[in-house]
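Below you'll find the structure, written out as structure tokens, and then a few comments.
Because the structure is predicted, anything quoted here is derived from the model rather than measured.
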There are 2 protein chains.
Amino acid sequence: MMRMHYTRDNMAGLLRSHDINPTHQRIEIAHALFSRQEHLSADQVMAIVNTRHSETSKATVYNTLKLFLEKGLVREVIVDPSKVFFDPNTSPHHHLYEVDTGKLSDIDAEQVQISGLPLLPAGMVTEGIDLIVRVRRKA
Amino acid sequence: MMRMHYTRDNMAGLLRSHDINPTHQRIEIAHALFSRQEHLSADQVMAIVNTRHSETSKATVYNTLKLFLEKGLVREVIVDPSKVFFDPNTSPHHHLYEVDTGKLSDIDAEQVQISGLPLLPAGMVTEGIDLIVRVRRKA
DNA sequence: TCCGGATATTAGACAAAGTCCAGATTGCCG
DNA sequence: CGGCAATCTGGACTTTGTCTAATATCCGGA
Ligand SMILES: [Mn+2]
Ligand SMILES: [Mn+2]
Ligand SMILES: [Zn+2]
Ligand SMILES: [Zn+2]
């Protein structure tokens, strides 16, 4: 997939296309995630956004990430019991998690086949299927 | 698989077979998990074990669950960003998570096939593959 | 049985992630 | 400019989990 350059200016349009009012703080937070294309925790986003001078509060970082999540701009990845990661890649994909380093990387869903899953309980719909491969350095 | 009845008396042998010294507290905690065969959080274990009268401290509950984990007596399930679940079922299996209720149930690994996973980075070994089907009640 | 060391448990202080709220700011429209 | 909705904020608060130093329990040997 051809990748565009994620400038702050592009962020406003991206936010608007997801029905999010583009404010200064929201643009900075989106830029932190999309320019890096990495999985970031709220704490990491907080640190990135406030590197030069403090300009975004903790409450806003959490509120904004939750808003992005609701609007489908980012995805949540739950692999570490101590923190949630936010993922700017919303296309269907899986994850490889290096347990000793905490490094998290993507596995394209295209090449992975999952079959034999049981039928869902009546009245239920799948919200998502998370596949996490946990690896560690060989002893 | 034929299932035995998990009495407190059985717990001592189970603990010993996993190289765990069976103390009163450890037996109670193991009994909470194995007699129910459910996924429990530390908090839930704490509540169960202290129903009649307070007899096990928070520190011991956490220490013991971690010990059980290290000794392979239980397994950790990470699906909810706010708490870890402990699973007395250590046979390979996957999970179905009902996001609105928090209900967690097992999916037998036998019938599920996962193929096409990429090769691991050199020097890495798989510690486990977690597959979580997230479902919610239809709108 | 008594002693001493190793093992296990404890209360409570602490830390980290995340939530909540009431007040201040901002942006926009008339 | 004045009003109003939307947004942002500091800081108190909650929850989950960790740590520590003191105590209690267990067990093997004299
Ligand atoms: Mn700035
Ligand atoms: Mn008892
Ligand atoms: Zn990802
Ligand atoms: Zn399970």
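- A salt bridge links A:E98 and A:K103; the closest N-O separation between the charged side-chain nitrogens and carboxylate oxygens is under 4.0 Å.
- Residue B:S82 is in sugar-phosphate contact alone, with no base atom involved, counting any heavy-atom pair closer than 4.0 Å across all strands shown.
- Checked by atom type and distance alone, the side chain of B:D106 never pairs as donor or acceptor with a backbone atom of B:H93 at under 3.5 Å.
- Backbone-only contact: B:T56 has heavy atoms under 4.0 Å from sugar-phosphate atoms and none from a base.
- When rounded to the nearest whole Å, the span between CD1 of A:I27 and P of C:dG27 equals 11 Å.
- The distance from atom CG of B:N63 to atom P of C:dT10 is 10 Å, rounded to the nearest whole Å.
- Minimum atom distance to the side chain of A:A59 is reached by C:dC21, of the listed C:dG18, C:dT10, C:dC21.
- As a whole-Å value, the separation of B:Y62 OH from C:dT9 P is 17 Å.
- The side-chain heavy atoms of B:Q111 and A:P118, taken from C-beta on, include no pair separated by under 4.5 Å.
- Between A:D43 and A:K83, none of the side-chain N atoms (NZ, or NE/NH1/NH2) sits under 4.0 Å from a carboxylate O, so this pair counts as no salt bridge.
- No chain of hydrophobic side-chain contacts below 4.5 Å, direct or via other Ile, Leu, Val, Met, Phe, Trp or Tyr residues, connects B:V84 to A:V79.
- In this structure the side chain of A:Y62 never reaches within 4.5 angstrom of the side chain of A:T64, judged on heavy atoms.
- Contacts between chain A and DNA chain D, taken as any atom within less than 4.0 angstrom of a protein heavy atom, begin and end at D:dT7 to D:dA12.
- Ring geometry for B:Y6 versus B:F34: interplanar angle of 30 to 60°, hence tilted.
- Within 4.0 Å (heavy atoms only), A:T23 reaches sugar-phosphate atoms of the nucleic acid but no base atom.
- Here C:dT7 presents its P atom at 12 Å from CG of B:D19, a figure rounded to the nearest Å.
- Here C:dA11 presents its P atom at 10 Å from CD of B:Q25, a figure rounded to the nearest Å.
- Here the C1' atom of nucleotide C:dA17 and the CG atom of A:D80 are 11 Å apart, to the nearest Å.
- Taking the nucleotide of DNA chain D with the nearest heavy atom to each of B:F86 and A:V61, the more 5' of the two is matched to A:V61.
- Between A:K66 atom NZ and C:dG18 atom P the separation is 11 Å, expressed in whole Å.
- The NE2 atom of A:H24 sits 17 Å away from the P atom of C:dT25 (whole-angstrom rounding).
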